[in-house]
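I have placed the structure first, in the form of structure tokens, so that the comments after it can refer back to it.
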Amino acid sequence: MGHRRRVSVIIATYNSADLLAETLRQLARQTIPRDDFEVIVGDDGSTDHTAAVVRSFADVLHIGYVFQEDRGFRVASARNGAARTAVGALLVILDTGSMVGPDFLAAHLAAHSGDERRAVIGPSYGYNPEVPMLGVDELLAQLPPEGVVERYRHLPEFQDVRQPYFVGCQMDLSRRTIPWKAFWTGNCSIRTDDFRRLGAFEERFEGWGGEDMELGYRLHQAGLTIALAPDAWAVVAPHDRDHKANFDELFANMRMFLAKFPVPVVEMGLTVMVETGQFWQWEPMYLELLDWQQRARDVDVRDEIAAALADLPDGETVTVIGCGGELPATLTRATLVDFDEELLDRAVRSGDHSGYHAIGLRTMLADGSAGTVVVTSRMAGLWDSWGPQILAEAARVGHRTISYAGPAPRSADPQEIQSEGRAA
């Protein structure tokens with residue numbers, strides 16, 4: 001191993017040589033000593049003059065270059081390839097086109113001072129894909145990034161799209177239930193040993209988006225604090241984006257995220273994004289679920305399940321959505337789904353049933369895997385928000401649905417359930 005440095009900056013890039021040159025130029029202005037950090041560019045198969053740009057900075061930066069063959073958008077793999085060569089104690093992950101001030105790396109280092117293990121988010125000014133601020137490129141041509149930030153940081157259209165989320169918790173992400181949903185790799189940092197210990201980026205994620213939140217989820221699950229460092233900012237230079245293609249790829253990656261971690265918080269996040277497009281409603285809706293989970297803790301649905309079973313033919317395969325912790329003796333070898341993990345564990349303790357910790361919005365169950373799906377009244381508190389989606393999922397999984405969660409108990413075949421779900 002070479003010289004141990006304090007920071008390794010990882011930049012993934014693809015056919016953006018001129019934009020990369022500007023990012024590297026800003027990194028060459030850092031106030032921390034040059035020997036304290038390195039920059040490693042992970043090239044995702046560029047065919048332009050990216051390699052020449054990297055070589056041109058060898059006199060002013062400790063800089064490395066890792067190239068991978070172009071086999072599509074593989075930013076997770078490009079970042080991992082660069083990170084494998086890193087010798088810095090701290091990884092700072094930055095996007096091509098993110099312009100930083102002289103104190104950028106000092107601010108990331110300061111955010112990791114002390115013994116607490118953290119994953120740190122730095123704001124990305126100018127990053128608001130849906131309502132971009134016009135003229136940011138002209139501003140960056142006239143002023144250094146710190147001058148642009150000093151002049152325009154209070155303009156809503158210039159602020160990071162996550163700014164309301166940050167402000168809503170008084171800039172303290174420990175107050176958030178799902179802080180990792182804001183862990184985006186345009187500008188973030190993590191100790192190198194934590195990054196490697198937890199498995200780096202999941203390279204099965206291809207295309208735009210999701211790989212950073214999935215890493216953030218694992219970091220948070222491992223006990224790291226997700227923290228905001230307001231002074232570790234970057235300004236995102238405008239460049240062309242295909243938003244529709246990006247979001248299609250994000251949805252595909254979120255499905256992979258759910259397949260890897262089939263838990264209610266991820267299930268709800270995917271559903272919010274695909275069904276409503278209201279990304280920032282994810283946390284309020286999840287808090288609604290947590291509140292209902294407590295209030296529904298003592299809801300006993302044994303009688304509902306028993307009543308549903310009474311009319312079923314012998315040998316019918318049954319899935320119960322909202323099973324609770326206690327089951328009727330007449331239920332045998334069923335598939336059980338519940339949002340309360342503790343009650344689900346109690347329900348499957350006998351070993352007679354299989355269980356899935358899920359809400360019932362997007363389960364891991366196969367199409368048509370059940371003869372009958374029973375939706376119990378434990379789902380009633382979520383019905384106003386998610387009733388159509390739960391019925392649609394029940395219709396996908398089973399040939400017949402019996403629901404006790406709506407206005408009154410009802411039975412319908414899958415086509416009727418599907419039609420009801422679309423009309424709601």
Side-chain angles (χ1 to χ4, degrees), residues 90-95 98 100-101 103-133 145-146 148-191 194 209 212-236 264-266 268-269 272-273 276-294 385:
L90 181 69
L91 285 184
V92 172
I93 302 168
L94 195 64
D95 272 354
S98 290
V100 302
D103 295 323
F104 173 72
L105 293 181
H108 270 289
L109 282 165
H112 288 272
S113 62
D115 295 330
E116 184 180 33
R117 311 300 283 192
R118 290 181 160 193
V120 171
I121 299 166
S124 292
Y125 286 107
Y127 184 68
N128 193 335
E130 295 182 1
V131 190
M133 178 179 171
E146 61 270 24
V148 177
V149 170
E150 180 64 27
R151 186 174 297 185
Y152 298 103
R153 71 190 313 157
H154 300 299
L155 289 181
E157 60 268 35
F158 181 64
Q159 290 172 349
D160 191 314
V161 70
R162 297 167 292 183
Q163 183 69 7
Y165 187 71
F166 298 152
V167 171
C169 62
Q170 291 78 52
M171 314 299 274
D172 179 1
L173 289 172
S174 68
R175 300 183 179 188
R176 291 295 190 185
T177 308
I178 318 174
W180 46 266
K181 79 173 189 175
F183 186 75
W184 301 351
T185 41
N187 176 11
C188 65
S189 60
I190 175 178
R191 293 182 185 182
D194 285 327
D212 42 12
M213 286 189 291
E214 190 271 344
L215 174 60
Y217 174 80
R218 284 186 278 128
L219 296 172
H220 193 243
Q221 290 296 106
L224 274 73
T225 297
I226 308 291
L228 176 66
D231 292 335
W233 53 262
V235 180
V236 178
V265 66
V266 182
M268 183 173 285
V272 166
M273 284 190 244
T276 72
Q278 299 297 315
F279 179 82
W280 299 110
Q281 291 303 306
W282 182 356
E283 185 150 353
M285 288 182 165
Y286 185 60
L287 289 171
E288 177 186 84
L289 169 65
L290 295 180
D291 176 67
W292 175 246
Q293 178 176 305
Q294 291 302 312
S385 297

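Sequential numbering from 1 along the given sequence is applied to the chain's residues. Reckoned from all heavy atoms, side chains included, excluding hydrogens, waters and symmetry mates. As the structure is a prediction and not an experimental result, all values here were calculated from the model.
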Determine yes or no for a side-chain-to-main-chain donor-acceptor pair under 3.5 angstrom, with Gln159 supplying the side chain and Gly126 the backbone.
no
Closest heavy-atom pair, His108 versus Val120, reported as atoms and distance to 0.1 Å, is ND1-CG1, 4.0 Å
CG of Leu224 to CZ of Arg218, rounded to nearest 0.5 Å, is 12.0 Å
Intermediate values then yes/no, side chain to side chain contact (heavy atoms under 4.5 Å, CB included), Ile121 and Arg162:
CA-CA 11 Å; Ile121 299 166; Arg162 297 167 292 183; 3.5 Å; yes
The reported gap from OG1 in Thr185 to CG in Leu215 (rounded to nearest 0.5 angstrom) is 8.5 Å
OG of Ser189 to NE2 of His112, rounded to nearest 0.5 Å, is 3.0 Å
Glu157 versus Tyr152: any side-chain heavy-atom pair under 4.5 Å?
no
Rounded to the nearest 0.5 angstrom, the CZ-CZ distance for Phe166 and Arg176 is 9.5 Å
If we ignore angles and hydrogens, is there a donor and acceptor under 3.5 Å between the side chains of Thr276 and Gln281?
no
| field | Heavy-atom check, side chain of Val148 versus side chain of Tyr125, under 4.5 Å | value | no
Closest heavy-atom pair, Ser98 versus Gly186, reported as atoms and distance to 0.1 Å, is OG-O, 3.6 Å
- prompt: Can you find a heavy atom in the side chain of Asp231 that is under 4.5 Å from one in the side chain of Asp103?
  reply: no
Residue set satisfying salt bridge (charged side-chain N to carboxylate O under 4.0 Å, His left out) with Arg118, at least two apart, ordered chain then number -> Glu116
Hits for salt bridge (charged side-chain N to carboxylate O under 4.0 Å, His left out) against Arg151, two or more places apart or cross-chain, chain-then-number order -> none
For Asp194, the salt bridge (charged side-chain N to carboxylate O under 4.0 Å, His left out) test, sequence neighbours excluded, returns Arg117, Arg197
For a 4.5 angstrom cut-off between non-hydrogen side-chain atoms, does Met273 reach Trp282?
yes
The reported gap from CZ in Phe183 to CE in Met213 (rounded to nearest 0.5 angstrom) is 12.0 Å
_Measuring only between side-chain heavy atoms, which start at C-beta, is Pro145 closer than 4.5 Å to Val149?_
no
One should read off an interatomic distance between Leu105 CG and Leu90 CG, to the nearest 0.5 angstrom, of 8.5 Å
For Gly216 and Ile226, the nearest pair of non-hydrogen atoms, with its separation, is O-CD1, 4.1 Å
For Ala119 and Leu219, the nearest pair of non-hydrogen atoms, with its separation, is CB-CD1, 3.7 Å
Tightest non-hydrogen contact, residues Leu173 and Ala227, listed as CD1-C, 4.1 Å
Side-chain donor/acceptor of Asn187 to backbone N/O of Ser124, under 3.5 Å:
no
| task | Could you tell me whether the side chain of Trp180 reaches within less than 4.5 Å of the side chain of Gln221, counting heavy atoms only? | result | no
task: Find out whether Trp184 and Val161 are in side-chain contact, i.e. whether some heavy atom of one side chain is under 4.5 Å from a heavy atom of the other.
output: yes
Between Gly114 and Arg191, the two heavy atoms sitting closest are O-NH2, 2.9 Å
Problem - Residues Leu287, Thr177; criterion side chain to side chain contact (heavy atoms under 4.5 Å, CB included); working and verdict - result: CA-CA 8 Å; Leu287 289 171; Thr177 308; 3.2 Å; yes
**Request:** Please examine the side chains of Gln163 and Met171, heavy atoms only from C-beta on, and report whether any two atoms are closer than 4.5 Å.
**Result:** yes
